[in-house]
Amino acid sequence: MLQLALYLLVSFLASVAGAICGIGGGVIIKPVLDVCAFDSVSTISFLSGLTVLSMSLYSVVRNTVSGGSQIDVKTGTPLAIGAAAGGVAGKQLFSVIKGLFADSNTVGAVQAACLAVVTLGTLLYTIFKDRISPHRVEGMGGCLCIGFVLGIMSSFLGIGGGPINLVVLFFFFGMDTKTAAQNSLYIILFSQIASLATTLLTRSVPEFEWGALLLMVCGGIGGGMAGRSVNKRISGEAVDQLFMVLMAIIIFISVYNTVRYSVG
């Protein structure tokens, strides 16, 4: 019961933050549940991915129905398609690396170390982004390639992509914070659907508890509802501040997980 309650709480709070900042929540869920070590690395990645999928699906559909969508379809759709293809490739990359090591803890250490590096880069960019001139990528080919790389990274790390997506949307497309948040969730939705489809088609679904999955999905949707409401009421500067605090926490947890998996 303690495990299920913790899974629900983590998925809800992570999804609230994810919906506010556009990071999906997986970047919080994955490392936090890794620390708890109730399930295997593969199971946590799977549960995290489905939670992020449910939250992003709710957020995108709700924003569209309410008429408050800020999704740039011309840019976001090729990015999302590229991310979907990258999500399939990232899932395969995870399987290959997992097969290279007999101890699953090694895979967890690799994931955690990569997440720490990526999150640190994301935090540094966010701090200094006002000094960095954004680019304006407009061609479909460029969008597809960028989306593909995003999909690989998010699927392999099991995080949904959030913080990486935001930096890319800031730097390559010059989006403001709130517009980037909605477009990030749109991209995450596509990549997570592709990742789930790959898992099902390759019959590589890890063992998991249905109760844990149900509670995490409910937490993801509930968090998406709460986060969307908060996002509408706060400024872009407040979103940036929350985002930076979360990134700092995730870096600390990821470094801890890297060490724990390496010595475990």
Side-chain angles (χ1 to χ4, degrees), residues 13-28 31 52 56 59-60 63 68-80 82-83 86 113-139 142-154 157 159-189 191 227-255:
L13 294 178
S15 297
V16 170
I20 294 173
C21 300
I23 59 176
V27 71
I28 303 170
V52 171
S56 59
S59 297
V60 170
N63 283 328
S69 176
Q70 296 179 355
I71 295 172
D72 183 346
V73 177
K74 182 179 178 181
T75 297
T77 299
L79 279 171
C114 290
L115 181 57
V117 171
V118 168
T119 307
L120 177 60
T122 300
L123 177 60
L124 291 175
Y125 177 85
T126 304
I127 293 172
F128 298 108
K129 70 177 181 179
D130 290 339
R131 305 179 189 179
I132 303 173
S133 299
H135 292 251
R136 299 286 179 177
V137 176
E138 296 181 354
C143 291
L144 288 170
C145 290
I146 292 171
F148 183 75
V149 174
L150 286 176
I152 290 177
M153 296 177 68
S154 64
L157 295 176
I159 62 172
I164 311 170
N165 291 358
L166 289 180
V167 167
V168 166
L169 293 172
F170 292 150
F171 182 71
F172 288 104
F173 304 98
M175 293 185 183
D176 61 64
T177 300
K178 290 199 171 185
T179 301
Q182 288 201 26
N183 281 272
S184 174
L185 293 176
Y186 182 62
I187 295 168
I188 289 169
L189 175 61
S191 64
R228 178 179 175 275
S229 177
V230 173
N231 181 271
K232 293 168 61 178
R233 291 171 169 78
I234 63 176
S235 66
E237 290 76 13
V239 173
D240 280 340
Q241 291 173 0
L242 174 60
F243 178 72
M244 288 188 284
V245 170
L246 290 174
M247 292 304 96
I249 294 172
I250 292 164
I251 291 169
F252 175 79
I253 295 175
S254 297
V255 170

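Sequential numbering from 1 along the given sequence is applied to the chain's residues.
- Closest non-hydrogen pair, Met175 versus Thr75, comes out as CE-CG2, 4.4 Å.
- Closest approach of Ala116 to Val255, counting heavy atoms only: CB-CG2, 4.2 Å.
- For Leu189 against Ser56, the heavy-atom pair with the smallest separation is CA-OG, 3.7 Å.
- Looking at heavy atoms from C-beta onward, Leu150 lies in side-chain contact with Val168 at the 4.5 angstrom threshold.
- Phe171 is linked by a ring pair (Phe, Tyr, Trp, His ring centres under 6.0 Å) to His135, counting only residues two or more places apart in sequence or in another chain.
- One distance of note links CZ of Phe128 with CG of Leu123; it measures 9.0 Å at 0.5 Å rounding.
- Under the 4.5 Å side-chain criterion, counting only non-hydrogen atoms from C-beta, Thr179 is not in contact with Asp72.
- In this structure, the separation between CG on Leu79 and CG on Leu169 is 6.5 Å, given to the nearest 0.5 Å.
- The two residues Cys143 and Phe173 have their closest heavy-atom pair at SG-CE2, 3.7 Å.
- Nearest heavy-atom pair across Ser184 and Asn165 is OG-CB, 3.3 Å.
- With a 4.5 Å cut-off on side-chain heavy atoms, Ile71 and Asn63 do not count as touching.
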Could you go through residues 234-247 and list every donor-acceptor pair under 3.5 Å that involves a side-chain atom there, pairing it with any protein atom two or more places apart or in another chain?
from, atom 1, to, atom 2, distance (Å)
Ser235, OG, Glu237, OE1, 3.4
Ser235, OG, Ala238, N, 3.2
Asp240, OD1, Lys129, NZ, 3.4
Asp240, OD1, Thr177, OG1, 3.1
Asp240, OD2, Lys129, NZ, 3.4
Asp240, OD2, Thr177, OG1, 3.4

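- Annotation for Arg233 and Ser229: closest pair NH1-OG, 2.7 Å, computed over non-hydrogen atoms.
- A search for salt bridge (charged side-chain N to carboxylate O under 4.0 Å, His left out) contacts involving Asp176 returns nothing, not counting sequence neighbours.
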